[in-house]
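Notes to accompany the following structure.
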2 protein chains.
Amino acid sequence: MNIGEIARRAGVSRSTVSYALSGKRPVSAATVQRINDVIAELGYRPNASARALAEGRTRTLGLVVPPASRRLTDVQLGFVGSVVDAAAAHDLDVLLSPSGGDHDRSFERIVTGRRVDGVILMEILLEDPRVERLSQASLPFVTIGHVEHPGASWWVDVDYGALITRCVHHLADLGHEEVVLINRSAELVAAGYGPALRSATGFLEATAARGLTARTVCCADDAAAGLACFEQLRTQWPAVTAAVTINEAALPGVQRALHRAGLEVPRDFSLTGVIAERLAEDFHPPLTAADVPAVELGRLAVDLLLAQIADRGAEPRHALLEPPISLRSSTGARRRP
Amino acid sequence: MNIGEIARRAGVSRSTVSYALSGKRPVSAATVQRINDVIAELGYRPNASARALAEGRTRTLGLVVPPASRRLTDVQLGFVGSVVDAAAAHDLDVLLSPSGGDHDRSFERIVTGRRVDGVILMEILLEDPRVERLSQASLPFVTIGHVEHPGASWWVDVDYGALITRCVHHLADLGHEEVVLINRSAELVAAGYGPALRSATGFLEATAARGLTARTVCCADDAAAGLACFEQLRTQWPAVTAAVTINEAALPGVQRALHRAGLEVPRDFSLTGVIAERLAEDFHPPLTAADVPAVELGRLAVDLLLAQIADRGAEPRHALLEPPISLRSSTGARRRP
DNA sequence: TTGTATGCGTTATCAG
DNA sequence: CTGATAACGCATACAA
């Protein structure tokens with residue numbers, strides 16, 4: 001079932017069928033009608049590989065995701081979903097590539113096999129070899145997150161530093177004097193994971209600026225770690241009255257630790273941070289937090305990538321989002337002892 | 001950068017390069033060496049579209065997922081991750097297609113555009129038009145979940161009916177006499193979602209067999225619904241002392257409702273069901289439940305699909321998994337009033 | 001408005 | 001062991 005067969009049955013040449021389908025050349029109404037009838041009857045669709053070969057583009061976007069072994073967070077899941085949906089809205093398909101670190105077969109296939117017209121890279125490190133690789137491959141790409149020295153590259157990100165700073169000011173305004181940052185895991189920090197490092201920096205600067213005592217703790221991405229982590233920090237720094245966090249997966253454990261310690265939020269303890277909207281609302285009480293606009297970021301990444309593909313010489317663009325903090329019910333004035 | 005360029009620089013013909021790469025014809029060691037040097041120097045990789053066109057296969061698998069608007073549950077996320085990883089282990093890429101219901105452009109592209117060698121379909125309904133569509137397209141496919149009359153099709157699934165039955169027997173053995181099934185949403189039930197319907201059937205049969213009073217309630221897939229749902233069922237059927245659930249997303253709400261009602265698990269109330277392992281362990285106390293082996297199901301689906309692609313005339317195969325119930329701490333003897 | 005011819009980059013068949 | 005050359009199915013420049 002190919003274009004030749006359709007042409008034969010419709011009594012026209014193959015190019016006429018092609019042009020009738022693409023509309024890139026006028027075709028008489030009667031001919032179009034006949035062709036469409038045959039196509040409808042046989043359920044014909046152009047072979048994607050042949051079209052890609054002839055056209056020089058695949059109508060496919062690559063999405064590089066962390067391997068399944070590292071569980072996806074809610075925010076990451078939001079990225080994937082919105083990228084796929086945004087691409088579908090443009091009639092583009094999405095090819096998934098699970099990529100861990102260095103020499104990844106799947107990643108190499110994507111980069112160098114001309115399987116995709118462009119790539120969206122998520123969960124990158126401050127120094128990420130994959131960004132280098134894509135640059136020299138001269139394949140259009142957009143990163144969700146930005147490397148330390150983005151130079152002339154395309155990216156979208158959330159300004160973790162600014163958001164954490166806002167959280168700290170909010171707590172300071174409420175009278176808190178000793179606060180803790182519950183960060184992502186020590187491994188991620190050591191590997192150079194941007195959100196973790198930029199949050200830490202923002203936290204230290206903001207607490208210094210407001211004269212607060214700052215504590216920082218790294219916490220693995222699961223509930224058990226959240227529980228252990230919180231209990232430890234309570235015994236180590238009993239004067240801490242508020243926490244800022246970017247660790248979504250630890251929240252259920254933090255919740256349990258608060259309950260177990262008999263702390264009521266926000267009366268006895270304030271909690272805020274940068275968290276996916278759904279999780280912030282699932283918390284009890286709902287978290288005052290900056291909601292990561294994962295869906296918007298994903299859509300934006302697709303938009304930028306398409307702009308870059310359409311005009312490969314275009315000036316690099318980026319977007320650094322700074323969503324407002326949603327005031328819910330998890331922060332309050334520090335209770336004087 | 002194509003195979004002709006490599007051939008030219010290596011001083012051989014294009015076919016020799018092709019055979020050196022595929023190994024489908026003997027090539028002298030010296031020639032292979034020379035070719036590999038050139039390839040390494042230029043970083044050449046065969047064009048995937050051209051190869052697919054010539055070879056008649058794409059080395060790509062299609063994965064049909066629910067659209068992002070419907071949030072993925074933990075179990076579904078497990079499917080996606082394990083399918084992608086299993087495919088990568090076979091050097092296959094995965095093309096994602098978000099597909100809601102009937103005539104979906106993305107789904108049609110996949111099915112009829114020869115973009116993939118086979119398809120894995122997840123979250124299907126008991127009567128699913130997409131299964132029909134794939135059948136008549138004679139494209140190899142495997143479903144995660146099975147339609148009502150699977151006939152001669154390939155699928156993998158968890159035996160929800162059997163697992164729920166086991167949960168009921170477990171509760172009956174502990175002396176519970178009035179139990180409730182917290183099912184997925186009413187919309188899913190109405191649409192004919194297999195796990196929801198098979199769980200309901202298994203629940204009713206098992207409770208009848210053991211002479212228990214059975215209650216059933218549908219609950220939307222979020223924490224707020226879980227909370228509302230649980231409070232409602234407590235007032236409506238105050239004699240209920242245990243619940244069975246397959247609704248992961250409602251669990252945080254159920255947890256809060258239990259706490260708010262002052263019920264201690266398992267002393268005052270028992271809770272069990274079919275739940276992703278991670279969520280079962282995150283619950284407080286950890287849930288006695290049948291862990292959905294999402295990773296194994298995904299891997300199995302890929303294996304079956306590859307078997308089908310390798311031998312398209314093969315006898316259809318399927319796998320109905322019945323994982324054991326992990327005894328944790330959320331079920332106990334009914335407390336006599 | 002339509003038809004012919006060529007190229008896209010590989011694989012695979014047929015000759016040597 | 002290696003080289004020409006014909007598919008694969010489509011898009012498009014060139015002719016009419």
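Numbered from 1 within each chain, the chains take letters A, B, ... in sequence-line order.
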*Residues B:D91 and A:R105 bridged, charged N to O under 4.0 Å*: yes
*Using distance alone, with no hydrogens and no angle criterion, decide if A:S97 and A:S99 have a side-chain donor and acceptor under 3.5 Å apart.*
no
_Suppose we screen for salt bridge (charged side-chain N to carboxylate O under 4.0 Å, His left out). Which residues come up paired with A:R14, at least two apart in sequence or across chains?_
none
*Under the salt bridge (charged side-chain N to carboxylate O under 4.0 Å, His left out) test, residues paired with A:D311 that sit two or more places apart*: none
*Identify the two heavy atoms, one from B:V75 and one from B:A276, that lie closest to each other, and give their separation to 0.1 Å.*
CG2-CB, 3.8 Å
*Do you know the tightest heavy-atom contact between B:V111 and B:L139?*
O-CD2, 3.8 Å
*Can you give the first and last nucleotides of DNA chain C, 5' to 3', that have an atom under 4.0 Å from a heavy atom of chain B?*
C:dG9 to C:dC14
*Answer yes or no: are there more than 12 heavy-atom neighbours, outside B:E55 itself, under 6.0 Å from its atom CD?*
yes
_So, using salt bridge (charged side-chain N to carboxylate O under 4.0 Å, His left out) as the criterion, who are the partners of B:R8 when residues are at least two apart?_
B:E5
_Sorted by number, the residues of residues 43-58 of chain A with heavy-atom contact under 4.0 Å to DNA chain C_ = A:L53, A:A54
*Let me know the distance between CD1 of B:I35 and C1' of D:dC1, rounded to the nearest Å.*
12 Å
*Quick one, which residues of residues 7-25 of chain B touch DNA chain C with a heavy atom under 4.0 Å?*
B:R14, B:S15, B:S18, B:Y19, B:K24, B:R25
*Report yes or no: does A:R109 contribute a side-chain atom to a donor-acceptor pair with the main-chain N or O of A:R115 at less than 3.5 Å?*
no
_I'd like to know if the side chain of A:Y193 pairs up with that of A:E187 as donor and acceptor (distance under 3.5 Å, no hydrogens or angles considered)._
no
